[in-house]
Amino acid sequence: MMFGKTFNKTSLISLVFAGLLGTPVAAETLNCTFKVPDRYEAWVPTTVQITNDREKARVTVTTGLFENVGKRAFDGELTINNARRVTFQFSVDNTDIPIERHVNRRRVGLTIYSVSIQKADHSATLRANPVSATDLGKSFHGKGSCIVK
C-alpha cells in the first residue's frame with residue numbers, strides 16, 4: 001500500500017484504531033485490568049487506561065497506582081499492530097519505589113511497561129521490565145482483559 005504526501009502519523013494511528021475498534025472516533029480509550037501478585041503491587045499497576053487522541057496524534061497512559069504517588073499521565077506509543085494484536089508501550093521512572101530483596105533494599109528504577117491486547121477477545125498481557133533487571137524475578141508478566149470505551 002502506498003501513501004500520498006498527505007499521509008501523516010495521525011492518519012496511521014487513526015487507521016490502527018479504526019481496525020481495532022471497528023468504528024472511527026476522535027479518541028478511543030481502553031480500560032485494562034490485570035491480576036498482580038502482592039509482591040509486585042508497589043510498581044506494577046492492576047489497572048491501566050490507554051487513550052489514543054487521533055486529533056493530537058498522541059497515546060496517553062494513566063494508572064491508579066502511579067496517580068496515588070503523584071504521577072499523572074504518561075506518553076505512550078503504539079509499537080505493534082498486526083492482524084492478531086495491538087501493543088502499547090510506556091516507561092516510568094520508579095527510582096522512588098523500593099524492591100525488598102532479603103538483606104539489601106534495591107530500587108526499581110526506569111521501568112518499561114507494555115500492554116498487548118488481542119483484537120479478537122480483548123484479552124491482554126502486561127509486561128513490566130525494570131531496565132536494571134538482570135534476572136526474571138525482577139520483571140513481571142501477567143494476564144488480564146480490556147474494555148473498549
Side-chain angles (χ1 to χ4, degrees), residues 9-10 12-149:
K9 188 175 179 181
T10 303
L12 177 62
I13 292 172
S14 298
L15 286 172
V16 168
F17 272 92
L20 175 64
L21 305 175
T23 58
V25 293
E28 296 87 5
T29 301
L30 298 157
N31 290 330
C32 304
T33 305
F34 299 95
K35 295 176 186 170
V36 179
D38 292 346
R39 73 182 217 170
Y40 295 104
E41 284 183 340
W43 58 281
V44 177
T46 58
T47 61
V48 177
Q49 183 178 56
I50 302 166
T51 302
N52 175 42
D53 188 335
R54 289 188 335 217
E55 291 177 2
K56 296 179 181 176
R58 183 176 182 191
V59 174
T60 306
V61 180
T62 57
T63 71
L65 173 67
F66 300 125
E67 285 180 4
N68 292 339
V69 294
K71 298 178 182 178
R72 297 288 177 217
F74 300 94
D75 288 332
E77 67 178 298
L78 176 66
T79 58
I80 295 174
N81 182 35
N82 59 35
R84 284 187 19 219
R85 73 176 185 265
V86 61
T87 300
F88 299 92
Q89 189 171 354
F90 65 102
S91 58
V92 178
D93 183 3
N94 290 323
T95 53
D96 55 338
I97 300 174
I99 299 177
E100 296 295 335
R101 292 278 182 234
H102 302 292
V103 177
N104 59 344
R105 273 180 82 121
R106 297 196 45 200
R107 303 270 173 198
V108 176
L110 181 66
T111 306
I112 298 172
Y113 297 88
S114 66
V115 177
S116 293
I117 304 163
Q118 299 298 315
K119 292 180 179 180
D121 62 1
H122 297 130
S123 62
T125 302
L126 171 65
R127 296 184 199 288
N129 296 309
V131 173
S132 63
T134 56
D135 65 83
L136 292 176
K138 297 176 193 156
S139 62
F140 173 80
H141 177 213
K143 301 215 178 271
S145 62
C146 298
I147 298 171
V148 181
K149 296 260 177 171

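Positions are given from 1, in the same order as the sequence printed here.
Applying the ring-ring contact (aromatic ring centres under 6.0 Å, His included) criterion to F34, with sequence neighbours excluded, gives no partner residue. For R85, there are no side chain to side chain donor-acceptor pair (under 3.5 Å) partners two or more places apart in sequence or in a different chain. The side chain to side chain contact (heavy atoms under 4.5 Å, CB included) test applied to N31 returns T29, Q49, K149, not counting sequence neighbours. For N82, there are no side chain to side chain donor-acceptor pair (under 3.5 Å) partners at least two apart in sequence or on another chain. Under the side chain to side chain contact (heavy atoms under 4.5 Å, CB included) criterion, S123 pairs with Q118, D121, not counting sequence neighbours. Under the rule for a side chain to side chain donor-acceptor pair (under 3.5 Å), the partners of S116 that lie at least two apart in sequence or sit in another chain are T87.
Two residues are said to be in side-chain contact when any heavy atoms from C-beta on lie closer than 4.5 Å; I50 and V59 meet this criterion. Annotation: side chain of N81 is in contact with side chain of K119 (closest heavy-atom distance under 4.5 Å).
Taken to the nearest 0.5 Å, the CZ atom of R127 stands 3.5 Å off from the NE2 atom of H141. In this structure, CD1 in I80 is found 8.0 Å from OG in S114, a value given to the nearest 0.5 Å. One distance of note links CG of L30 with OG of S145; it measures 11.5 Å at 0.5 Å rounding. In this structure, OG1 on T60 lies 11.5 Å from CZ on F74, to the nearest 0.5 angstrom.
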Intermediate values then yes/no, side-chain contact (heavy atoms from CB on, under 4.5 Å), I112 and Q89: CA-CA 7 Å; I112 298 172; Q89 189 171 354; 2.8 Å; yes

C32 and I117: CA distance, side-chain angles, deciding distance, side-chain contact (heavy atoms from CB on, under 4.5 Å) verdict: CA-CA 9 Å; C32 304; I117 304 163; 4.2 Å; yes

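Between G64 and T47 the shortest heavy-atom distance is N-OG1, 4.0 Å. Contact detail for P45 and L126: the closest heavy-atom pair is O-CD2, 3.6 Å. Residues V48 and V115 share a closest heavy-atom pair of CG1-CG2, 4.3 Å. When all heavy atoms of S139 and P130 are compared, the closest pair comes out as CA-CD, 4.1 Å. Between L110 and S91, the shortest heavy-atom distance links the atoms CD1-CB, 4.1 Å.
Aromatic ring pairs are classed by plane angle as parallel below 30°, tilted from 30° to 60° and perpendicular above 60°; the pair Y113 and W43 is tilted.
Applying side chain to side chain contact (heavy atoms under 4.5 Å, CB included) to V61 and the options F66, F88, F90 leaves one that passes, F90.
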